[in-house]
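To start, the structure under review is shown below, and the notes come after it.
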Amino acid sequence: MTDVAAVVVERVAALVARLHPQVAGNLDMAARPSEHADAQVNVALGLAKQLGKNPREVAQQLADQLDLSGICTKVEVAGPGFLNLTYDDAHLAKLLKDVAADPRLGLRRAEVAETVVIDYSAPNVAKEMHVGHLRSTVIGDALVRMCEAVGHRVIRENHIGDWGTPFGMLIEHLVDLGEVDAARELSVGDLDGFYKQARAKFEASPEFQERARARVVALQGGDQDTLRLWELLVAQSAHYFATVYEKLDVRLEASDLRGESVYNDLLAKVVERLSAAKLLVTSDGAEVVFPEGFTNRENEPLPLIIRKGDGGYNYATSDLACVIDRVERLHATLMLYVVGSPQAQHLAMIEAVAKAAGWLPPTSRMVHVAFGSVLGNDRKMLKSRTGDSVKLVDLLDEAVQRAAASIAEKNPELPEAQRNAVARMIGIGAVKYSDLSSDRVKDYVFDWERMLSFDGNTAPYLQYAHARICSIFRRANVERTATRTATISLGHASERALALWLLQYDSAVWDALERYSPHRLCTYLYELSTRYTSFYEHCPVLKAESDELRLSRLALCDLTARTLADGLALLGISSPEQM
Ligand code: ARG
């Protein structure tokens, strides 16, 4: 283990377990950065509460018995019962050497590898992808990358909306347009236009409505020609979604598609099993389940509708089938639903019903990774100038254009081919990072100026810090790998501060992963660049006083650049070497 905080946490946990074996539950063992010391451990506060003792005394007992020789030079009790730690420089230097030699930069693998199903992106067929899908796609992709990095087995599922009553009208509209023209319209990505025209006809014409209804029946009945037309719709949309993923540099392939329709054959089984479990009741002609603890505004029990009065199944039914499939076929131990906050109740009800029916053993957890909305500068839902919801592709194209313009200005010497590639990395990186860097449960304001700025907590700022380090190495004429066995000296306070931060990459990634909160990794990376900037201001690198010091500082530069690039990669963001 090379994470400076994790080493301490391990020791603290062992001591607490030895001294107070009776104390259970979640004690906060973390060793956090502090203004007054290298790290602060607050465990004595919670511990004292449970023991009914004075926290300062509990802290003192821990301080006396905590064996941190060779790790810390000082352990002091402070304030209401904090433990303030000062690390031993020799220990830090040794850990830095180990991290530098490690391609994983100290990132620990999971003790138990889980099978994680990640449900993300999930746009709807024949409907435009909007910023809500951007959030799900970007957050889901970051979680995929983090889970894989620690050694979990990840199964990506793109649960697209490819079934249900709207397909009646969509197929009829397709028939009206003629297959060839319809396919052309859809493949160029005019999904909204297609959907809106269908909707308008549906509203205006009773004759069209009738045809649409008959189509739904034919579709559900498995009529061959109808299915063929439906497949055409799905294929064109899927093709279009793939172009968006490509632009976004997101790991979602055609083979990851697991739309609602996939579960059709399982729906009857869901009903059967719910009925066998005596959970199914008839209410207002529909078959429903009343999961415990859910009520409406009038305080009446809230039903989850499984099968409507007309015999049709629901979004909820396929989500239940989906749980069964993920647990029983895929043996998922963790299921992440990267879905907007408005669906919180829906997913909580799915979980409650699945538990009640015995489909969710304690070894398979279901987690709603919820997120807030994307707002415009007016703090209302982001809208285009025409008042429609913003088309995701337009947004991505604009990001790349804007990035290209700012690079042309900043670095006019960059050859054009390279400039285009870099513009893509910066533009897309900026959009992703602005999404990932705010606490996902909150809404955030989509702000071009801010996200593309080379200052502040933005992707371009981090990418620029990385590129600057790469340029130092070009000027230094030193192989980066040559620095990876150097002995690092920590003479200057800013050198030490940077080193301390570099040694907490593992904790930062794990912290972000355990909370499914990529923004915590962003915060770490931002602080890393800030500390690097201060180091670079105070400590001459290429003009260091001695060759040894120069190599030591180059080693810190190298490790910083690698940590930035690795962290950004976990977020799905590229780090150009020049920009
Ligand atoms: N297609 C849905 C939407 O656009 C999201 C599906 C989320 N996943 C799920 N298993 N329900 O809102």
Side-chain angles (χ1 to χ4, degrees), residues 116-141 143-144 154-167 170 191-192 195 199 230 233-234 237-238 240-242 244-245 248 250 252 256-264 266-267 270 291 304-306 313-330 332 334-355 359-360 364-374 381-382 389-393 435 440 516:
V116 192
V117 171
I118 308 189
D119 180 323
Y120 67 113
S121 194
N124 301 308
V125 165
K127 270 200 196 164
E128 198 49 69
M129 283 178 88
H130 53 71
V131 285
H133 297 117
L134 168 74
R135 297 217 70 187
S136 175
T137 307
V138 168
I139 297 168
D141 184 58
L143 294 175
V144 165
V154 177
I155 300 167
R156 301 179 280 259
E157 291 205 338
N158 193 356
H159 193 83
I160 56 170
D162 61 357
W163 201 252
T165 39
F167 283 90
L170 292 168
L191 271 56
D192 262 356
Y195 195 93
R199 178 95 253 150
W230 168 78
L233 273 177
V234 175
S237 299
Y240 171 68
F241 299 150
V244 178
Y245 299 142
L248 267 175
V250 153
L252 268 175
D256 301 319
L257 287 173
R258 293 284 294 170
E260 291 170 29
S261 67
V262 170
Y263 302 93
N264 280 346
L266 290 165
L267 301 178
V270 169
L304 188 68
I305 300 173
I306 304 299
Y313 298 104
N314 245 352
Y315 181 52
T317 326
S318 58
D319 260 329
L320 283 170
C322 195
V323 173
I324 296 178
D325 186 64
R326 289 170 183 178
V327 175
E328 297 180 6
R329 184 179 64 90
L330 298 171
L334 180 60
M335 294 174 271
L336 302 181
Y337 289 77
V338 190
V339 181
S341 304
Q343 292 190 44
Q345 176 167 280
H346 164 76
L347 289 168
M349 288 176 88
I350 295 291
E351 184 181 7
V353 172
K355 273 199 180 131
W359 303 337
L360 248 189
S364 299
R365 286 167 298 140
M366 198 176 139
V367 176
H368 179 196
V369 180
F371 53 81
S373 311
V374 183
M381 295 291 260
L382 187 67
S389 65
V390 180
K391 226 170 131 166
L392 185 50
V393 260
D435 194 292
R440 64 174 159 77
Y516 314 115

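Just so you know, ligand 1 is whichever comes first in the structure, and atom 1 is the first atom listed for that ligand. This is a predicted model, so every value here is computed, not measured.
- Note on ligand 1: His133 sits in its first shell, one or more heavy atoms being nearer than 4.0 Å.
- Using a 4.0 Å cut-off between a side-chain N of Lys or Arg and a carboxylate O of Asp or Glu, Asp325 and Arg258 qualify as a salt bridge.
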Test log, rule ring-ring contact (aromatic ring centres under 6.0 Å, His included), inputs Tyr263 and His159: CA-CA 10 Å; Tyr263 302 93; His159 193 83; 5.7 Å; yes

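- Taking the side chain as every heavy atom from C-beta outward, Arg440 and Arg135 approach each other to under 4.5 Å.
- Listed by atom number, the atoms of ligand 1 under 4.0 Å from Asp319 heavy atoms are 9 (C), 10 (N), 11 (N).
- Atom 2 (C) of ligand 1 has its closest protein heavy atom at Ala122 O, 3.7 Å.
- Nearest to atom 12 (O) of ligand 1 among the protein's heavy atoms is Gln343 NE2, 3.0 Å.
- In plain terms, the two heavy atoms of Asp162 and Phe167 that are nearest each other are C-CE1, 3.3 Å.
- Scanning the protein for heavy atoms near atom 8 (N) of ligand 1, the closest one is Asp119 OD1, 3.2 Å.
- Which parts of ligand 1 touch Asn124 is read off a 4.0 Å heavy-atom cut-off, strictly below it: atoms 1 (N), 2 (C), 3 (C), 4 (O).
- Only one option out of Val327, Asp119, Val116 pairs with Met335 in a side-chain contact (heavy atoms from CB on, under 4.5 Å); it is Val327.
- Between Glu157 and ligand 1 there is no heavy-atom distance shorter than 4.0 Å.
- Looking at atom 5 (C) of ligand 1, its nearest protein heavy atom turns out to be Tyr315 OH, 3.6 Å.
- At least one side-chain heavy atom of Leu134 sits less than 4.5 Å from a side-chain heavy atom of Leu248.
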